[in-house]
Amino acid sequence: IDSEDDLLQECISSAMPKKK
Amino acid sequence: PTPPYLKWAESLHSLLDDQDGIHLFRTFLKQEDCADMLDFWFACSGFRKVEASDGKEEKKLKLAKAIYRKYILDNNGIVSRQIKPATKSFIKDCVMKLHIDPAMFDQAQTEIQTMMEENTYPLFLKSDIYLEYT
């Protein structure tokens with residue numbers, strides 16, 4: 001379950017804009 | 001130049017295109033108990049971006065299941081309550097039949113986005129959190 005949460009977090013972060 | 005916080009008021013997309021804007025909006029949504037809506041929106045965008053190359057298929061399936069379990073499966077969850085039943089069945093079908101498509105969450109994401117545009121985003125622009133920030 002932990003790894004599933006990590007995967008989800010990684011996915012969410014990958015969609016966020018990078019610092020300008 | 002226009003300060004970022006004025007740009008945030010132009011559209012939901014301008015807000016979600018800025019790290020500080022996202023952070024403040026999320027703080028507001030957390031207060032309203034609906035931060036999951038924002039996380040789900042980004043999860044859908046992230047899911048679409050995972051490349052379909054070999055070896056990623058297993059990852060995509062795992063991710064699709066994770067998104068489904070966390071946000072859609074529980075009918076009392078804030079995201080699940082805002083998504084149409086037909087959209088939920090479609091996603092469930094995709095997961096059950098292992099039919100993983102990059103666009104499988106698109107409709108659900110649109111529904112959540114509409115909800116934010118019509119509801120939480122205007123409320124955010126009138127909120128103390130935003131006004132204090134400006």
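In what follows, chains carry the letters A, B, and so on, assigned in the order in which the sequence lines appear, proteins first and then strands, with residues in each chain numbered from 1. In what follows, every heavy atom counts, from backbone to side chain, and hydrogens, waters and symmetry copies are set aside. Remember, predicted model here, so these are calculated numbers, not experimental data.
Heavy-atom distances place both the backbone and the side chain of B/Lys59 under 4.5 Å from chain A. Neither the backbone nor the side chain of A/Gln9 comes within contact range of chain B; no heavy atom of the residue lies under 4.5 Å from a heavy atom of that chain. With a 4.5 Å cut-off on non-hydrogen atoms, B/Lys62 touches chain A through its backbone and its side chain both. Interface remark: B/Leu16 contributes backbone atoms only to the contact with chain A (heavy atom separation under 4.5 Å). Interface residue B/Ile67: backbone and side-chain heavy atoms are both found under 4.5 Å from chain A.
Taking every heavy atom of both residues into account, A/Pro17 and B/Phe42 meet most closely at CD-CE2, 4.5 Å.
The candidate with the highest count of non-hydrogen atom pairs below 4.5 Å against chain B, out of A/Ser14, A/Ala15, A/Ser13, is A/Ala15.
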As a quick check of understanding, evaluate side-chain contact (heavy atoms from CB on, under 4.5 Å) for A/Leu8 and B/Tyr71, giving each step before the final call.
CA-CA 11 Å; A/Leu8 211 48; B/Tyr71 300 107; 4.1 Å; yes
Inset, instruction - Output, in order, the C-alpha distance, side-chain angles, deciding distance and verdict of salt bridge (Lys or Arg N to Asp or Glu O under 4.0 Å) for B/Lys70 and A/Glu4. - result: CA-CA 10 Å; B/Lys70 172 137 181 149; A/Glu4 203 168 80; over 6 Å; no
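Counting heavy-atom neighbours within 6.0 Å of B/Glu58 CD, excluding the residue itself, gives a total of 12 or less.
In this structure, B/Gln19 contributes its side chain and A/Lys18 its backbone to no donor-acceptor pair below 3.5 Å.
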